[in-house]
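Please read the structure below before turning to the comments.
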Amino acid sequence: MKSLMMQGTQILSTGSSVPDSSLSNDQISQIVETSDKWIVTRTGIKKRRLLTGSRKSVIDLAVVAALKALDKISMSALEIDLIILATSSPNDLFGSASQVQAQIKAFNAVAFDLTAACSGFVLAMVTASQFLQSGSYRTILVIGADVLSKWTNWSDRSTCILFGDGAGAMILQSCLKEFNQVLGFQLNTNGNHWNHLCLSYEEKINPHPILNVYQGSFKYISMNGKEVYKFAVSQVPLSILKCLHDLNITINDIDWLLLHQANERILTAVANKLSINANKIIVNLNNYGNTSAASIPLALDEALDQKQISNDDIIVISGFGAGLTWGTVIIQWKC
Ligand code: UT7
């Protein structure tokens, strides 16, 4: 039932899932001309997980992450009102969220996909918090999941070393304003530079002979790494500063910096620009690579499992990537 009262957003639980199959840098160096040393030095990545085997998709990872989040708080999936699946590697271009809804038996939930690549989880969290704070829905499952291994050109050494597969989930619920944990956000898009990182639709040369309709298919990820690097290091700190300013929070108040896990050098450079101590950076990309929309909830779930995060900690979360799209959401953790 709709309530007109503005409310807060509580984070109830997180969960994550990665495939079993692991691919080390040494193994990649048997496929393309690269080395463990080059990859570790330039990115910090040591290995990544890949979804192998036939008929496996992003849905399988998303379902496991969601069920783990539900299980942690013994919540029935029937309590979920809305599922937002942030993914750019759906199993169905019409959307994969409905299949997640069916598989976890969240039969009361509306479900839709949100496509924003590596910023997807931040955008999905913000979208969810709007529905909660307006009183439209009570309980929302947000999932960030991607299987970019399916869209990677495994003969392109400049991209294939970066990505890995995974999923992370978060359950959010409306609450009284005084218990609000999603403090604020700041979002941006610059479509002029979409071609720095894209997975574009490619037309066949010839159209349908009668209809003049050009059909085609999606091919591989294409990236200008240097430009994406410069964009991330210059724009992410600005987004964080704007968000902090709006909330009257200082750099010293930040307990954790949780950035999209793209490249360890980007994480360090952003922290340095903001004068945030390196020991406040949450990092797990060494083991998983860049898992796109999954990277933030996967890293958060691991940090929580490892009891890194304490009650009342302020966590600055930023996503950035294709679009180009980037943004920040600041949360306060409650145990
Ligand atoms: O979610 C956002 C996703 N995207 C990103 O986060 C990408 C951001 N960008 C980056 O992380 C970095 O630009 C990369 C890690 C992708 C590349 O690092 P870089 O320091 O910018 O290297 P580069 O592209 O300038 O390449 C330097 C050299 C080149 O050789 P030459 O021209 O100097 O002879 C490349 O051909 O390294 C070569 N190179 C490689 N060598 C060994 C490129 N890829 C590889 C490789 N192994 N895998």
Side-chain angles (χ1 to χ4, degrees), residues 23-48 86-89 114-124 144-149 151-166 168 187-190 193-200 220-237 239 258-273 281 283-286 288-299 317-328:
L23 182 72
S24 69
N25 292 345
D26 283 334
Q27 287 170 303
I28 290 200
S29 69
Q30 288 160 20
I31 304 169
V32 289
E33 200 182 325
T34 189
S35 65
D36 175 57
K37 189 168 175 242
W38 193 95
I39 301 171
V40 171
T41 314
R42 303 277 177 144
T43 70
I45 298 166
K46 293 180 180 149
K47 53 189 176 183
R48 66 288 291 144
T87 186
S88 296
S89 42
L114 187 153
T115 308
C118 305
S119 303
F121 190 78
V122 166
L123 281 159
D146 268 310
V147 284
L148 291 189
S149 62
W151 300 101
T152 297
N153 180 351
W154 287 102
S155 54
D156 174 8
R157 68 176 182 172
S158 68
T159 53
C160 77
I161 55 151
L162 295 175
F163 300 107
D165 301 333
L187 304 173
N188 316 273
T189 297
N190 181 354
H193 300 308
W194 67 274
N195 57 341
H196 288 339
L197 179 52
C198 50
L199 205 176
S200 301
Y220 292 128
I221 296 164
S222 127
M223 182 180 74
N224 182 334
K226 274 217 174 311
E227 289 302 326
V228 176
Y229 188 98
K230 282 193 276 181
F231 141 72
V233 171
S234 62
Q235 296 306 311
V236 173
S239 168
L258 173 48
L259 302 181
H260 163 52
Q261 305 285 299
N263 180 326
E264 199 161 7
R265 282 158 60 214
I266 296 178
L267 272 52
T268 309
V270 171
N272 282 344
K273 277 200 161 184
I281 305 173
V283 51
N284 74 349
L285 61 86
N286 326 67
Y288 303 111
N290 175 346
T291 56
S292 189
S295 89
I296 288 170
L298 182 59
I317 299 174
S318 290
F320 53 89
L324 299 172
T325 294
W326 67 106
T328 300

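In what follows, every heavy atom counts, from backbone to side chain, and hydrogens, waters and symmetry copies are set aside. Counting convention: from 1, in listed order, for ligands and their atoms alike.
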Under 4.0 Å from atom 31 (P) of ligand 1, is there any protein heavy atom? no

Sub-3.5 Å donor-acceptor pair from the side chain of D165 to the main-chain atoms of T291, do we have one? no

Of L285, L324, N290, T291, the one whose closest heavy atom lies nearest atom 3 (C) of ligand 1 is N290

Of M223, K230, Q261, E264, the residue with the heavy atom nearest atom 4 (N) of ligand 1 is M223

For a quick test of reading the model, state the closest non-hydrogen atom pair linking V270 to P237 and the distance between them. CG1-CG, 4.1 Å

Give me the nearest non-hydrogen protein atom to atom 48 (N) of ligand 1 as residue plus atom name, then the distance to 0.1 Å. R157 O, 2.9 Å

Atom 5 (C) of ligand 1: the protein heavy-atom neighbour that sits closest, reported with distance to 0.1 Å: V228 CG1, 3.7 Å

Where is the nearest protein heavy atom to atom 39 (N) of ligand 1: which residue, which atom, and how far? W38 CZ2, 3.4 Å

Nearest option to atom 21 (O) of ligand 1, as decided by whichever heavy atom of E227, K226, R42 sits closest: K226

Worked verdict on Q261 versus N284 for side-chain contact (heavy atoms from CB on, under 4.5 Å): CA-CA 7 Å; Q261 305 285 299; N284 74 349; 3.4 Å; yes

Which is it for Y229 and ligand 1 at heavy atoms under 4.0 Å: side chain, backbone, both or neither? both

For the residue pair S35 / S29, report whether a side-chain donor-acceptor contact shorter than 3.5 Å exists. no

Tell me: protein heavy atom nearest atom 8 (C) of ligand 1, and distance? G225 O, 3.5 Å

C118 neighbourhood, listing ligand 1 atoms whose heavy-atom distance to it stays under 4.0 Å: 1 (O)

Yes or no, since that's all I need: does a protein heavy atom fall within a distance strictly under 4.0 Å of atom 27 (C) of ligand 1? yes

Any sub-3.5 Å donor-acceptor pair from Q235's side-chain atoms to A232's backbone N or O? no

Would you mind telling me which of L258, V122, L259 makes a side chain to side chain contact (heavy atoms under 4.5 Å, CB included) with S318? L259

Is the shortest distance from atom 14 (C) of ligand 1 to a protein heavy atom below 4.0 Å? no

Would you verify that at least one protein heavy atom lies under 4.0 Å from atom 24 (O) of ligand 1, or report that none does? no

Check each heavy atom of T34 against ligand 1 and say whether those closer than 4.0 Å belong to the side chain, the backbone, both or neither. both

Let's go through C160 and V32 carefully: what are the C-alpha distance in whole Å and the side-chain angles of both, what is the deciding distance for side-chain contact (heavy atoms from CB on, under 4.5 Å) to 0.1 Å, and is it a yes or a no? CA-CA 9 Å; C160 77; V32 289; 3.9 Å; yes

Can D26 and S24 be counted as having a side-chain donor-acceptor contact under 3.5 angstrom? no

Ring centre gap for Y220 and W154 strictly below 6.0 Å: no

May I ask you to list the atoms of ligand 1 that are less than 4.0 angstrom from any heavy atom of A262? 6 (O)

Just to be sure I'm reading this right: ignoring hydrogens, which of T43, L197, T159, N263 gets closest to atom 12 (C) of ligand 1? Compare them by their nearest heavy atoms. N263

Does the side chain of N290 come under 3.5 Å of the side chain of H260 through a donor N or O and an acceptor N or O? yes

Result for side chain to side chain contact (heavy atoms under 4.5 Å, CB included) between I161 and one of N25, I28, I45 points to I28

I161 heavy atoms within 4.0 Å reach ligand 1 at atoms 48 (N)

